[in-house]
*Asks:* 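So that we are looking at the same thing, I have put the structure below in structure tokens.
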Amino acid sequence: MAASTIRFTLPDGKVLELARGSTALDLAAVIGPRLAKAALAAVIDGQTVGLMEPLEEGGAVRILTEKDAAALPVLRHSAAHVLATAVRELRPRAGIGFGPAIEDGFYYDFDVAEPFTPEDLAAFEAKMAEVVAKDMPFGRRRVDKAEARALFADDPLKLERLEEFSDDEVITVYQNGPFLDLCKGPHVPSTGRLKHFKLLSAAGAYWRGDHRRQMLQRIYGTAFHTKAELDEHLHRLEEARRRDHRRLGRELDLFQFFPVSPGAAFWTPRGTTLYNTLEAFVRERQRDAFLEVKTPLLYTKALWEQSGHWGKYRENMFLVLDNESGEHDMSLKPMNCPSHHLYYASATHSYRELPVRYATLDVLHRNEVSGALSGLTRVRQFAQDDCHVYLREDQIADEVKFLMDFILGHYETFGLKSSLKFATRPEQRIGSDEQWDRAENALRAALEATGRAYEVQAGDGAFYGPKIDFHVTDSIGRHWQLGTIQLDYMAPERFELEYVGEDNAPHRPVVIHRAVCGSFERFIAILIEHFAGAFPTWLAPEQVRVLPVSEKWTASGAELVAQLRAASIRAELVDRETLPYRIREAETLKLPYMAIVGEREAGDGTVAVRKRGAEKKQEVMSRDAFVATLLEEIRTRSLG
RNA sequence: GCCGGCGUAGCUCAGCUGGUAGAGCAGCUGAUUUGUAAUCAGCAGGUCCGGGGUUCGAGUCCCCGCGCCGGCUCCA
């Protein structure tokens, strides 16, 4: 007994009533002709729908125009179809895989005999422009499975997906001009809405991400509503290339790689200073509340069997030949947890001493597949700022609060904005529901206590416990997952960890895994890109470069260097070449300070200070004042 | 690991369809002694990633390695 009309509530609270079967476009037209023209899609009760779909139900409705962020994925998804349309015109035999919108654009996977070349991409892009010019409507149709099978008889990949639908599921197809796709939509009304797009790259991609399946050719592209937004995005990509830590690592002489040790960095003197400075910072922050331990790098398999790594993680471990046994039954450590557990278990612990926190900055090795290696962000050898906390269950809330403050404080030092993800119990898990309830509640309470927003990732926790992941956003808006707080109920069981409780009986502690930087290597890569190589003074490998105007003033410059070094400031004297040459060189190296000494300064014991970014607005000050300024800047780890 | 691209001087890059390897910067030497983003001149510097092969002749073509780069479900 369906009513003949359906009701829509607009964002301003106004209610509109339309005939059942009306479309969102009809609705937009009622609101106003300009809105109808600008409309790209609609959201009804949180569900994005196309403008042309006949609606059976009303609800809270919002018409999406290009001003609305939710419209962009719709545009991009349509762009993927336009790409496929173009590819099919030029390569009629290309099989089609999936073509979704993704965070910064879209892709489409094709099954073709020959991989695409850059020239192919240019041709596809030109053909896309033709498809756009034809302004083909995106037609949507509901089909049953048998009909769909017939429609996609020549598209094996689509057929495979089709067979996964249950018989009563709604299957929809979209067609624009000659191109038909199995697709849940929605799409913009027609191809003409796509104006500002660009194909970016092509690469191989396994069908359904499965390395046992065939390799398809994926084309990545992006699309925006306006040219300005597209240009800005392309500019951001360019900026990211400019800041690439691999490039800056060479230009600023921080680290290098040699083929004889793939995935392991050589740190240069400057890079080592940077690394050590960061490490010293971490140590200083951990001094009071953490117990740093150093543990062996190499272990027999007995430890890994106990921890479970030998069974589950061996592929990623570097196995080492034991000459006596003739077997590869030793391994470099890929993680610190087992050795920490071993140490914890080596003594009796009172409930009074918990929580106890073991921290280790040792080098770890993980045998990543060769194709995964990339600069400092994916390496085989790295050091974690690792820590394992052993605590009573009733201490979880306080401890998580403590660790969160600790981690967030670290990121703030670098001006990295952070966001939090709360990952809850996965399907595959160990431990009782009561334990999970307690653990999740404790983590949630700690999150709430910070007053910060967090995102829940239901089912994304580790199999041994829920976790909080820390993501940071760098200065050009890119996201990185860094720190983590993970509750672990399994390790205490495997290692039979205990503490003696108030009742004089043994109890099982809980373990928390904590990392802040993640790995020093990756964190430094992020810092290089975040600061574009212009490190804050406290981190900069060379903090001051002293430049005598000519060799006549070298002695005076050397005195200043000695004074700076006596104050533990990293200073170098450079007196060759002309002054402009050296200034340019120091600018290129992005040094925080140049200290210039000539006749005037040598005469009255001053220094002309040129601060990075201030260009010619230098300041002449007494040398003591300069030292004091620097020391204060370094002490406070100023970002200015 | 798999697909594709790339690998020429310390760095950035030229080197056409196979015919004796080049530039700029950096380095060295000399002149210049310099006041805020490159002073001038000269010199030196290369198993063209490694190994095979085709060819009268290979940086260039083919094969095999190595390394690097882009990617390898953000699910119709």
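Naming: A, B, ... by sequence-line order, numbering from 1 per chain. No hydrogens, no waters, no symmetry mates; every other heavy atom, side chains included, goes into these values.
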*Asks:* Roughly how many Å is it from CD in E585(A) to P in rU34(B), rounded to a whole number?
*Replies:* 21 Å
*Asks:* So if I take every side-chain heavy atom of L373(A) and compare against rA38(B), rU36(B), rC68(B), which nucleotide ends up nearest?
*Replies:* rC68(B)
*Asks:* Regarding P100(A), tell me which of base, sugar-phosphate or nothing describes its non-hydrogen contacts under 4.0 Å with the strands shown.
*Replies:* nothing
*Asks:* Could you tell me whether D210(A) and R208(A) make a salt bridge, using a distance below 4.0 angstrom between a side-chain N and a carboxylate O?
*Replies:* no
*Asks:* Taking the side chain of R246(A) as its heavy atoms from C-beta onward, which of rG35(B), rC72(B), rC69(B) lies nearest to it?
*Replies:* rC69(B)
*Asks:* Using the side-chain heavy atoms of S201(A), tell me which of these nucleotides is nearest: rC2(B), rG70(B), rC11(B).
*Replies:* rG70(B)
*Asks:* Given that P115(A) and S374(A) both sit by RNA chain B, which one's nearest nucleotide is further toward the 5' end?
*Replies:* P115(A)
*Asks:* Measuring only the P atom in each nucleotide, how far is rC28(B) from rA44(B)? A whole number of Å is fine.
*Replies:* 16 Å
*Asks:* Taking any heavy-atom pair under 4.0 Å as a contact, classify Q618(A): base, sugar-phosphate, or nothing.
*Replies:* base
*Asks:* What nucleic acid atoms does K184(A) come within less than 4.0 Å of, heavy atoms only: base, sugar-phosphate, or nothing?
*Replies:* base
*Asks:* Searching all strands shown, indicate the nucleotide that pairs with rC25(B) (Watson-Crick or G-U wobble; both distances under 3.5 Å).
*Replies:* rG10(B)
*Asks:* Taking CG from D111(A) and P from rG4(B), how many angstroms apart are they, rounded to a whole number?
*Replies:* 14 Å
*Asks:* For F266(A), check ring pair (Phe, Tyr, Trp, His ring centres under 6.0 Å) against everything at least two apart and list the hits.
*Replies:* F258(A)
*Asks:* Using a 4.0 Å heavy-atom cut-off across all strands, classify Q217(A) as base, sugar-phosphate, or nothing.
*Replies:* sugar-phosphate
*Asks:* Parallel, tilted or perpendicular: which fits the ring planes of H211(A) and Y206(A), with parallel below 30° and perpendicular above 60°?
*Replies:* perpendicular
*Asks:* Does rA26(B) have OP1 or OP2 under 4.0 Å away from a side-chain N or O of Y581(A)?
*Replies:* yes
*Asks:* Between atom CE in M594(A) and atom C1' in rU36(B), what is the gap in whole Å?
*Replies:* 8 Å
*Asks:* If I take atom CG in residue L216(A) and atom P in nucleotide rG70(B), what distance separates them, rounded to the nearest angstrom?
*Replies:* 21 Å
*Asks:* Can you tell me which residue among R141(A), K158(A), R140(A), R88(A) is in a salt bridge (Lys or Arg N to Asp or Glu O under 4.0 Å) with D181(A)?
*Replies:* K158(A)
*Asks:* Tell me whether the rings of F110(A) and Y108(A) are parallel (<30°), tilted (30 to 60°) or perpendicular (>60°).
*Replies:* parallel
*Asks:* Base, sugar-phosphate, or nothing: which does E601(A) touch, judged by heavy atoms less than 4.0 Å apart?
*Replies:* base
*Asks:* So which nucleotide from rG71(B), rA37(B), rU36(B) ends up closest to the side chain of A203(A)?
*Replies:* rG71(B)
*Asks:* Considering every strand and a 4.0 Å limit on heavy-atom distances, what is the contact class for L547(A): base, sugar-phosphate, or nothing?
*Replies:* nothing
*Asks:* What's the closest nucleotide to the P580(A) side chain, out of rG4(B), rG70(B), rA38(B)?
*Replies:* rA38(B)
*Asks:* Could you tell me how far apart R582(A) (CZ) and rC25(B) (C1') are, to the nearest whole angstrom?
*Replies:* 19 Å
*Asks:* By nearest atom, which of the nucleotides rC68(B), rG1(B), rC74(B) is closest to the P262(A) side chain?
*Replies:* rC68(B)
*Asks:* Select base, sugar-phosphate, or nothing to describe what A608(A) touches, counting heavy atoms under 4.0 Å on all strands.
*Replies:* base
*Asks:* Given rA37(B), rG35(B), rG1(B), identify the nucleotide with an atom nearest to the side chain of I583(A).
*Replies:* rA37(B)
*Asks:* How is E577(A) classified with respect to the nucleic acid when contacts are heavy atoms under 4.0 Å: base, sugar-phosphate, or nothing?
*Replies:* base
*Asks:* rU29(B) phosphate, OP1 or OP2: any side-chain N/O from R576(A) under 4.0 angstrom?
*Replies:* no
*Asks:* Separation of F106(A) atom CZ from rC74(B) atom C1', in whole Å?
*Replies:* 15 Å
*Asks:* If I compare all heavy atoms of L230(A) with all of F224(A), which pair ends up nearest, and what's the gap?
*Replies:* CA-CD1, 3.5 Å
*Asks:* Would you mind classifying the nucleic acid contact of T172(A) as base, sugar-phosphate or nothing, using non-hydrogen atoms under 4.0 angstrom?
*Replies:* base
*Asks:* Name the nucleic acid region contacted by F116(A), choosing base, sugar-phosphate or nothing; use a 4.0 angstrom heavy-atom cut-off, strictly under.
*Replies:* nothing
*Asks:* With heavy atoms under 4.0 Å as the rule, sort G375(A) into base, sugar-phosphate or nothing.
*Replies:* sugar-phosphate
*Asks:* Contact class for A205(A) (heavy atom, under 4.0 Å): base, sugar-phosphate, or nothing?
*Replies:* sugar-phosphate
*Asks:* Does F197(A) have its ring centroid less than 6.0 Å away from the ring centroid of F106(A)?
*Replies:* no
*Asks:* At 4.0 Å (heavy atoms only), tell me whether A372(A) reaches a base, stays on the sugar-phosphate, or touches nothing.
*Replies:* base
*Asks:* If you take atom types as modelled and just measure distance, does the side chain of Y206(A) reach the base of rG1(B) with a donor-acceptor pair under 3.5 Å?
*Replies:* yes
*Asks:* Salt-bridged, E572(A) to R270(A), with N to O below 4.0 Å?
*Replies:* no
*Asks:* From the list rU36(B), rU34(B), rC72(B), which nucleotide is the closest neighbour of the side chain of S550(A)?
*Replies:* rU34(B)
*Asks:* Given rC11(B), rC68(B), rA26(B), identify the nucleotide with an atom nearest to the side chain of R250(A).
*Replies:* rC11(B)
*Asks:* With the side chain of R610(A) defined as its heavy atoms from C-beta on, choose the nearest nucleotide among rA37(B), rC2(B), rG67(B).
*Replies:* rA37(B)
*Asks:* Pick the C1' atom in rG59(B) and in rU47(B), then give their distance to the nearest Å.
*Replies:* 12 Å
*Asks:* For V609(A), which contact category applies under a 4.0 Å heavy-atom criterion: base, sugar-phosphate, or nothing?
*Replies:* nothing
